[in-house]
Amino acid sequence: PAGPLLGPCDGAAHPAACPCRSPVWVLIAPFGGFYASGIKRAYKVKDFNNLFPGHGGVTDRTDCQYIMGFFMYVYLHTFVLPESYEADDLLRALLLLSLPEQQIVYQKLGDAIAAAKLNITASI
């Protein structure tokens, strides 16, 4: 189990929705605004457009969401969403190993299958 920033928390329906992660997101979100301001200063532009006069345009209103979208994507794909592998992918990776390493994997796989069979028969 991971800590409160990475793993399940307070029985939340989805780990990304857990309230104890909010302080982390609150600390990250302003950096979208800092990044957008840096771009505007580098190009000597006051506003990205004039759709919302006096407010800097759509991009100035949504710059924090861009950086949060990126961090949420990284967070979800790193800590929340399970990875799935096809048998063919695992076999290709196994064939990249040296012969002694393949034999070790084969032995450990056999041991794991035997242990799983014992657990199944013990529970019946």
Mind checking what makes ring-ring contact (aromatic ring centres under 6.0 Å, His included) contact with F34, not counting sequence neighbours?
F31
Please list, chain by chain and in numerical order, all residues satisfying ring-ring contact (aromatic ring centres under 6.0 Å, His included) with Y73, sequence neighbours excluded.
H77
Other hydrophobic cluster members with Y106, side-chain heavy atoms of Ile/Leu/Val/Met/Phe/Trp/Tyr under 4.5 Å, chained?
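Noted: Y106 shares its cluster with no other residue.
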Without placing hydrogens or testing angles, list every side-chain donor-acceptor pair under 3.5 Å for residues 86-94, not counting sequence neighbours.
| from | atom 1 | to | atom 2 | distance (Å) |
| --- | --- | --- | --- | --- |
| D89 | OD1 | R92 | NH2 | 2.7 |

Output a table of donor-acceptor pairs, distance under 3.5 Å, between side-chain atoms of residues 107-115 and any protein atom two or more places apart or on a different chain; print 'none' if there are none.
| from | atom 1 | to | atom 2 | distance (Å) |
| --- | --- | --- | --- | --- |
| Q107 | NE2 | D111 | OD1 | 3.0 |

What residues, two or more places apart in sequence or in another chain, satisfy side chain to side chain donor-acceptor pair (under 3.5 Å) together with Q102?
none
Is there a path from V74 to M68 through hydrophobic residues (I, L, V, M, F, W, Y) whose side chains come within less than 4.5 Å of each other?
yes
